[in-house]
Amino acid sequence: MRTWDSIEIYSDILFEFCDGVAKITINRPEVYNAFRPETNMQMLEAMEVCRERNDIDVVVLTGFGDKAFCSGGDQNVKE
């Protein structure tokens, strides 16, 4: 069985790699994976890494948990 290895540690996302596939997982299940500015910046940074690495052929974007992929912007964040 193949395992996912962490590429980088973030507060709002999981960023993992396995056999040419990078997986970016929104990891805020307590708010149905609603994104906030930090989430957006972390996803953009992870996608930049994916673009630069020659060993990444596919990028999968997903959400943690079984309730929601992403419920949109976090309405509790005011900027």
Side-chain angles (χ1 to χ4, degrees):
M1 180 175 204
R2 299 180 206 264
T3 59
W4 291 93
D5 297 315
S6 181
I7 295 175
E8 190 76 36
I9 303 298
Y10 293 99
S11 61
D12 288 9
I13 66 170
L14 303 175
F15 186 27
E16 302 167 302
F17 175 79
C18 181
D19 292 335
V21 178
K23 181 169 58 169
I24 301 169
T25 305
I26 304 170
N27 189 25
R28 301 187 72 226
E30 68 281 0
V31 290
Y32 299 99
N33 295 320
F35 57 85
R36 57 187 180 163
E38 293 92 334
T39 316
N40 289 339
M41 294 305 296
Q42 292 171 16
M43 287 193 298
L44 287 170
E45 185 176 307
M47 289 180 203
E48 178 71 21
V49 169
C50 292
R51 188 173 67 192
E52 297 298 323
R53 283 183 49 165
N54 292 326
D55 60 339
I56 296 175
D57 301 313
V58 175
V59 178
V60 175
L61 180 60
T62 187
F64 189 82
D66 60 356
K67 300 284 185 199
F69 161 68
C70 178
S71 61
D74 190 338
Q75 298 303 302
N76 295 314
V77 176
K78 306 291 184 213
E79 269 197 61

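Fair warning: this is a prediction, and the values are worked out from it, not measured in the lab.
With values rounded to the nearest 0.5 angstrom, Ile9 atom CD1 is found 11.0 Å from Gln42 atom CD. Within the model, atoms CG of Leu61 and CE of Met43 stand 6.5 Å from one another, a figure rounded to the nearest 0.5 Å. With rounding to the nearest 0.5 angstrom, the OG1 atom of Thr3 is 9.0 Å from the CG atom of Asp19. Atom CG of Asn27 sits about 4.0 Å away from atom CG of Leu14, to the nearest 0.5 Å.
In terms of hydrophobic clustering, with Ile, Leu, Val, Met, Phe, Trp and Tyr side chains grouped at heavy-atom distances under 4.5 Å, Ile24 and Ile56 are assigned to a common cluster. No chain of hydrophobic side-chain contacts below 4.5 Å, direct or via other Ile, Leu, Val, Met, Phe, Trp or Tyr residues, connects Val21 to Phe69.
In this structure, Phe64 and Pro29 approach most closely via the heavy-atom pair CD2-CG, 3.7 Å. Residues Phe35 and Cys70 approach most closely at CD2-SG, 3.6 Å, considering heavy atoms. Closest approach of Pro37 to Val77, counting heavy atoms only: CD-CG1, 3.9 Å.
Checked by atom type and distance alone, the side chain of Asn33 pairs as donor or acceptor with a backbone atom of Ala68 at under 3.5 Å. A donor-acceptor contact shorter than 3.5 Å links the side chain of Arg28 to the backbone of Ala34. The main-chain N or O of Ser6 is never found under 3.5 Å from a side-chain atom of Glu8 such that the two would form a donor-acceptor pair.
In this structure, the side chains of Phe15 and Glu45 stay at 4.5 Å or more apart for every pair of heavy atoms. Between Arg53 and Ile7, the closest side-chain pair of non-hydrogen atoms falls below 4.5 Å. Under the 4.5 Å side-chain criterion, counting only non-hydrogen atoms from C-beta, Asp55 is in contact with Phe17. No side-chain heavy atom of Lys23 sits under 4.5 Å from any side-chain heavy atom of Cys18.
Other residues, nucleotides and ligands contribute at most 12 non-hydrogen atoms within 6.0 Å of the OH atom of Tyr32. In the displayed structure, Leu44 atom CG is contacted under 6.0 Å by more than 12 heavy atoms of other residues, nucleotides or ligands.
Shown are Asn40, Ile26, Asp74, Thr39; of these, the side-chain contact (heavy atoms from CB on, under 4.5 Å) with Asp12 is made only by Thr39.
When only modelled atom types and interatomic distance are considered, Glu16 and Thr25 share no side-chain donor-acceptor pair under 3.5 Å.
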